[in-house]
Amino acid sequence: MATDKRKIQEINAGSMADIAFLLLIFFLVATTMNTDTGLVRMLPPMPPEDQPQDEVKVKERNLFLVFINGRGDIMAGTSGKQEAIDLRQLKDRTKEFILNPMDDENLPEKADKDIELPDGDKWVYPVSEGVVSLQTTRDTGYQSYIMVQNELTRAFNEVRDEVAQRKFGAKFADLPEELRNAVSKAVPLKISEAEPRNIKK
């Protein structure tokens with residue numbers, strides 16, 4: 001009796017490694033990665049170790065206190081006049097504090113400063129002495145902290161835009177670097193971050 005001696009054809013697996021490699025490259029190229037976003041801050045250089053640390057004293061009227069507790073509630077206002085506010089109110093309250101448009105004696109003082117322009121001219125601008133002090137507790141959520149920081153930074157950016165528009169006829173971001181530096185001196189970003197406080201429960 002004749003038997004069928006035909007060979008069963010083997011599958012060529014030699015190209016499987018190439019296919020797997022190509023798939024790996026495809027997913028590496030096509031996949032998007034979440035990038036960490038943060039706050040852009042130019043930190044001052046560290047003082048020498050032997051330099052004594054002087055306590056910076058600021059007049060009460062020149063200090064705008066912003067406090068975030070562990071539940072994300074915000075208290076804001078000048079010293080002794082803090083009140084609970086909504087996050088949406090924070091930017092406008094901060095702008096009012098920075099600008100002090102009515103020269104209110106309860107809001108920051110202003111000091112006329114000579115700011116040198118790229119063409120050699122001097123620009124005299126009443127620079128606010130105000131400082132925004134941001135305080136948190138150890139259980140303050142990162143999300144709340146970032147949202148408050150964004151609102152505070154947005155307030156300073158809007159003031160810079162207004163000053164740049166009045167003086168140079170363009171938004172702050174559209175100015176050349178030399179003019180941006182001049183506007184930054186007129187509206188310095190003064191946000192102080194105090195050490196987190198422990199609140200007794």
Side-chain angles (χ1 to χ4, degrees), residues 1-49 66-76 84-95 98 118 132-165 168-185 187-199 201:
M1 187 172 182
T3 56
D4 190 3
K5 295 189 175 181
R6 284 181 299 176
K7 290 183 178 178
I8 299 171
Q9 224 172 3
E10 294 181 5
I11 298 171
N12 183 7
S15 62
M16 293 297 278
D18 294 337
I19 294 170
F21 184 67
L22 287 172
L23 283 171
L24 180 64
I25 290 175
F26 170 77
F27 285 118
L28 283 173
V29 172
T31 305
T32 58
M33 302 278 189
N34 288 334
T35 54
D36 290 334
T37 55
L39 299 165
V40 179
R41 288 283 185 274
M42 182 65 76
L43 298 176
M46 287 290 288
E49 289 182 11
V66 180
F67 173 67
I68 319 166
N69 67 15
R71 294 188 306 273
D73 301 326
I74 302 166
M75 297 279 290
I85 66 167
D86 190 75
L87 181 69
R88 290 168 294 188
Q89 299 172 290
L90 184 59
K91 183 201 63 160
D92 292 332
R93 293 285 295 274
T94 306
K95 278 180 70 174
I98 300 164
V132 177
S133 176
L134 177 58
Q135 298 179 351
T136 60
T137 58
R138 296 202 182 276
D139 60 344
T140 298
Y142 184 71
Q143 190 66 31
S144 301
Y145 169 80
I146 288 295
M147 288 194 296
V148 168
Q149 269 281 7
N150 284 343
E151 289 301 299
L152 295 176
T153 305
R154 194 152 67 102
F156 279 94
N157 288 342
E158 284 190 11
V159 173
R160 284 178 175 177
D161 271 344
E162 291 168 14
V163 171
Q165 197 75 47
F168 303 112
K171 287 189 172 184
F172 177 77
D174 299 333
L175 295 174
E177 187 179 355
E178 297 85 1
L179 295 182
R180 284 202 309 270
N181 290 339
V183 174
S184 296
K185 288 176 184 173
V187 187
L189 183 68
K190 294 183 181 176
I191 301 176
S192 165
E193 293 191 39
E195 186 178 341
R197 295 195 299 194
N198 282 320
I199 301 294
K201 293 182 179 179

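Just so it is clear, the model here is predicted, and its values are computed rather than measured.
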Verify side-chain contact (heavy atoms from CB on, under 4.5 Å) between M75 and N69, making sure each step is shown before the conclusion.
-> CA-CA 9 Å; M75 297 279 290; N69 67 15; over 6 Å; no
side-chain contact (heavy atoms from CB on, under 4.5 Å) assessment of I191 paired with Q149 = CA-CA 9 Å; I191 301 176; Q149 269 281 7; 4.3 Å; yes
I68/L134 under side-chain contact (heavy atoms from CB on, under 4.5 Å): CA gap, chis, key distance, verdict = CA-CA 8 Å; I68 319 166; L134 177 58; 3.8 Å; yes
Could you please spell out the steps behind the side-chain contact (heavy atoms from CB on, under 4.5 Å) verdict for I74 and D86?
-> CA-CA 7 Å; I74 302 166; D86 190 75; over 6 Å; no
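Here the CG-NZ distance, from N157 to K91, works out to 11.0 Å after rounding to the nearest 0.5 Å. Going from atom NZ of K185 over to atom CZ of R180 covers 13.5 Å, rounded to the nearest 0.5 Å. Separating the CZ atom in F168 from the CG atom in L175 is a distance of 6.5 Å, to the nearest 0.5 Å. L28 CG to L24 CG: the interatomic distance, rounded to the nearest 0.5 Å, is 4.5 Å. In this structure, the separation between CG on N150 and OH on Y145 is 10.0 Å, given to the nearest 0.5 Å. For the atom pair CG of L90 and CG of L152, the computed distance is 5.0 Å after rounding to the nearest 0.5 Å.
Listed here is the closest heavy atom pair of G72 and S144: CA-OG, 3.7 Å.
Considering only residues two or more places apart in sequence or on other chains, F172 meets the ring-ring contact (aromatic ring centres under 6.0 Å, His included) condition with none of them.
For R154 and E151, the salt-bridge test passes: some basic side-chain N is under 4.0 Å from an acidic carboxylate O.
Side chain of T140 to backbone of T137: a donor-acceptor contact under 3.5 angstrom is found. Judged purely by atom type and a 3.5 angstrom limit, R160 uses its side chain to pair as donor or acceptor with the backbone of V187.
Side-chain contact between S184 and L189 is absent, with no heavy-atom pair separated by less than 4.5 Å.
Exactly one of L23, I19, I25, D18 qualifies for a side chain to side chain contact (heavy atoms under 4.5 Å, CB included) with F21. That residue is I25.
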